[in-house]
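Computed from heavy atoms alone, side chains included, the values below leave out hydrogens, waters and symmetry copies.
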Number of protein chains: 2
Amino acid sequence: MPRRTLPTAEDQAARFVRQREADRKATAEDYVELIADLLREEGEARAVDLARRMGVSQATVTATVGRLQRDGLVETKPYRGLFLTAAGTALAAEAKARHDLVVRFLIAVGLDAGTAEQDAEGIEHHASDKALTAFARFLSERGDTT
Amino acid sequence: MPRRTLPTAEDQAARFVRQREADRKATAEDYVELIADLLREEGEARAVDLARRMGVSQATVTATVGRLQRDGLVETKPYRGLFLTAAGTALAAEAKARHDLVVRFLIAVGLDAGTAEQDAEGIEHHASDKALTAFARFLSERGDTT
DNA sequence: AACACTTCTTAGCCTAGACTAACTTTCGGA
DNA sequence: TCCGAAAGTTAGTCTAGGCTAAGAAGTGTT
């Protein structure tokens, strides 16, 4: 039974603070990941498609992309599609690798593909490097090389 | 290799929408879980302790607790600590059960206890019932009854 | 009983992320 | 060519969740 006693206030606070940092990064990761997917699969990433796939209004996409641009992850040519900077491309690649690993891991422990995709969407942003390493080890021990 | 092709826009949007719903519930769950822990371990849950353990200012706790109260999860007696309503108690119990299960699962797949606690903090809010069932089955197959 | 200390609240501010409505720009078809 | 539909932007609003600074309300000690 974990947590029979409370952690120290400092430890617990540190966990929540790190948690909130991960939450802040999550949107950026989801956007660049989706932009990268669209560029790869469709050849271009339009704001209107992002809006449709994120389940959000176009105005929200404009605002969010503005923040991504400010943060050096995305480049836009007005009325053209969206492009990733080097930093954005790197972040997208990381995010995709994490995402795919989490999906494969969840399937390996018994989830159906659809649920694995859904849950991975949230979990991928909160799994530490140590956790990802553990997941990868688990998969390789099972001989899973999908 | 999962996600060779993109999901339909509708499916993907539905996933992100559910994701955002989970995000909104996460704060409430963290607070009631912590309040329940404090009540159990210390006999009372003061705003000042919540602030310390959440890594947040007291003013933020006041505001957040106000929202929890509005949502019928918490009751306050000014200068007397915080109490959970029936709904709050139920939510806290669920949250704790999920949290503990995720921690045990992460340890079972090879994480150290500290990292498991940290990662569980984020993952517990994003694991579906199906995922939790799969985690529980995994543990019982391993004969883990910790 | 009074004072100092702690706790809590209030006021004012900020950012992210969401919305609708209205406007502008681009592109494709008649 | 021009004109309407689609795409994108802008303006204004909202909520959650953070912050600091300042003030009010208990609590405990002497």
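- Between A/Asp37 and A/Arg40 there is a salt bridge, with a side-chain nitrogen of the basic residue lying less than 4.0 Å from a carboxylate oxygen of the acidic one.
- When each of A/Ala28 and B/Thr76 is assigned the nucleotide of DNA chain C with its nearest heavy atom, B/Thr76 is the one assigned upstream, toward the 5' end.
- Considering only side-chain N and O atoms, B/Arg70 lies under 4.0 angstrom from the phosphate OP1 or OP2 of D/dA16.
- Using modelled atom types and a 3.5 Å distance limit, the side chains of B/Glu121 and A/His126 yield no donor-acceptor pair.
- Atom-to-atom, NZ of B/Lys25 to C1' of D/dA16 comes out at 17 Å; the value is rounded to the nearest Å.
- In this structure, A/Phe105 and B/Phe105 have tilted ring planes: the angle between them lies in the 30° to 60° band.
- Among the protein residues, B/Val61 comes within range of no part of the nucleic acid, since none of its heavy atoms lies under 4.0 Å from any strand.
- Listed nucleotides: C/dC8, D/dG17, C/dA18. Nearest to the side chain of A/Val56: C/dA18.
- Here A/Thr62 does not reach the OP1 or OP2 of D/dG8: none of its side-chain N or O atoms lies under 4.0 Å away.
- For the pair B/Glu21 CD and C/dG17 P, the interatomic distance rounds to 17 Å; values are reported in whole Å.
- Taking atom NE2 of A/His125 as the reference point, atom C1' of C/dA16 lies 15 Å away to the nearest angstrom.
- For the 3.5 Å distance criterion, the side chains of B/Arg15 and A/Gln118 fail to qualify, holding no donor opposite an acceptor.
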In B/S/- notation, 5' to 3', how is nucleotides 20-27 of chain D contacted by protein heavy atoms closer than 4.0 Å? B---BBSS
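- Checking the phosphate oxygens (OP1, OP2) of C/dG17, a side-chain nitrogen or oxygen of A/Arg67 falls inside 4.0 Å.
- Here the P atom of nucleotide C/dA18 and the CG atom of A/Asp23 are 12 Å apart, to the nearest Å.
- Look at A/Thr64 and you won't find any side-chain N or O under 4.0 angstrom from OP1 or OP2 of C/dG17.
- In this structure, the CG atom of A/Leu50 is 16 Å from the C1' atom of D/dT9, given to the nearest Å.
- Within the 4.0 angstrom heavy-atom criterion, no nucleotide atom of any strand lies near A/Ala63.
- Ring centroids of A/Phe138 and B/Phe138 are separated by less than 6.0 Å, placing the two rings close together.
- Distance A/Lys77 NZ to D/dT9 P: 14 Å, rounded to the nearest Å.
- Comparing A/Arg52 and A/Arg20 along DNA chain D, the residue whose closest nucleotide (by nearest heavy atom) sits nearer the 5' end is A/Arg52.
- A/Ala116 approaches A/Ile107 most closely through the heavy-atom pair CB-CG1, 3.7 Å.
- Distance CZ (A/Phe16) to C1' (D/dC19): 19 Å, rounded to an integer number of Å.
- Rounding to the nearest 0.5 Å places CZ of B/Arg46 at 4.5 Å from CD of B/Glu44.
- Protein atom CG of A/Asp30 is 16 Å distant from nucleotide atom P of C/dA16, rounded to whole Å.
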